[in-house]
Amino acid sequence: MRKRKHKAPTTENIIGNFAGKPVRVIIIVVALILIIFPLYWLVTSSLKIEGEYLSNPPVIVPSQLTAESYQNIFGKDQIWQNFMNTVIVAGGSTLISVVFGSMAAYAVARGSIGNRARKYFGLWFMVQKMYPAIATAIPVYLVMRSLHLIDTKTALIIMNTSFNLPLVIWLMMGFFEQLPLELEESAMLDGCGFTKRFFLIIFPLTKPGIIASAILAFVGAWNEFLFAVILSINKSKTLPVVIAGFITDRGLEWGPMAATAVITLVPVLILVWALQKNFVQGLAMGAVKG
């Protein structure tokens, strides 16, 4: 008689045997509430009348909705400038980080260095990403001041690029290491140079990784606050700095602050939602490194 092969228990089976379907449904519902409720609170706070968002105890369901906070925000011409500053800084630093970070990752993954040196490079890039940015705040300010780049979008693009490059390089190294060498060798036999080979063959094959890296870099630059508040005065202010500006000595302007936060959040949500398939695929593929 053949012996039955016992399948290894999965996480779903373990939870199912331990808790059962009703408990799993409850866990999922609670998790969704914890995720969705902050977004609900932010949106409703931006639509509440002043007496309700300052009331104690807090009003969960507003009795009256008003667009006064949004009218207050959009009534100022500067909000459009701040929005465009954020788009330019986040988009510019993301483009530079992805292009040059991918090329650097390819050089490390395919370069003539040993596996141990390659691992050290990967560790070094992660260390660069993890050290506290505040440690470089004063030197960065002094350098930017000497270069006459204070209150310019160029300074913010440079700083966001410097902090996004290590992440992009580390993520893209995993993708390039998984590409078969035969594809590149056949392209080289056909007389394909490095630039053409990289941008026409290798780049398209790593599309999920590029999208995942680009989204992470874009979100990081979009939400960056420390250097934006240090290096900007008026002309290059981004939306996170504008949100912090509602904290004044007279108190917190909850309505306009919540409305500006919603405006800041919506583009990122749309971007991630539109590219979620490639984003998840890119993170999953990048997690498997040879």
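Quick caveat, the model's predicted, so the values are computed rather than measured.
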Discussion item. Between Leu65 and Thr44, does the side-chain contact (heavy atoms from CB on, under 4.5 Å) criterion hold? Intermediate values first, please.
Written reply: CA-CA 8 Å; Leu65 299 179; Thr44 54; 5.9 Å; no

Worksheet item: For Met159 and Leu156, what are the C-alpha separation, side-chain angles and deciding distance, and is it a side-chain contact (heavy atoms from CB on, under 4.5 Å)?
Response: CA-CA 5 Å; Met159 292 313 304; Leu156 299 181; 5.8 Å; no

Discussion item. Set out, in order, the CA-CA distance, both residues' side-chain angles and the distance that settles side-chain contact (heavy atoms from CB on, under 4.5 Å) for Ile169 and Phe100, then state yes or no.
Written reply: CA-CA 9 Å; Ile169 295 173; Phe100 289 96; over 6 Å; no

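Taking the six-membered ring for Trp and thresholds of 30 and 60 degrees, Phe74 and Tyr70 have nearly parallel ring planes, at less than 30 degrees apart.
The ring of Phe163 has its center closer than 6.0 angstrom to the ring center of Phe227. The distance between the ring centers of Trp254 and Phe246 does not fall below 6.0 angstrom.
At a threshold of 4.5 Å between side-chain heavy atoms, the hydrophobic network of Ile, Leu, Val, Met, Phe, Trp and Tyr places Val266 and Leu271 in one connected group.
Between Gln78 and Asn234, the side chains place a donor N or O and an acceptor N or O closer than 3.5 Å (distance only, hydrogens not considered). Inspection of the Ser236 and Asn85 side chains reveals no N or O donor paired with an N or O acceptor under 3.5 Å.
In this structure, Lys48 satisfies the cation-pi test against Trp41, with its NZ or CZ atom closer than 6.0 Å to the six-membered ring centre and inside 45 degrees of the ring normal.
For Leu34, the CG atom counts as densely surrounded, since its 6.0 Å shell holds more than 12 non-hydrogen atoms of other residues, nucleotides or ligands. For CZ of Phe37, the number of neighbouring non-hydrogen atoms (other residues, nucleotides, ligands) closer than 6.0 Å is greater than 12. Heavy atoms from other residues, nucleotides or ligands lying under 6.0 Å from CD of Glu253 number more than 12.
Judged by distance alone, the side chain of Ser97 and the main-chain N or O of Thr94 form no donor-acceptor pair under 3.5 Å. Thr136 contributes a side-chain N or O that, together with a main-chain N or O of Ala133, makes up a donor-acceptor pair within less than 3.5 Å. Counting only distance, with no hydrogens or angles, the side chain of Asn72 and the backbone of Pro256 share no donor-acceptor pair below 3.5 Å. Put simply, the side chain of Asn82 never gets that close to the backbone of Leu239: no donor and acceptor are under 3.5 Å apart.
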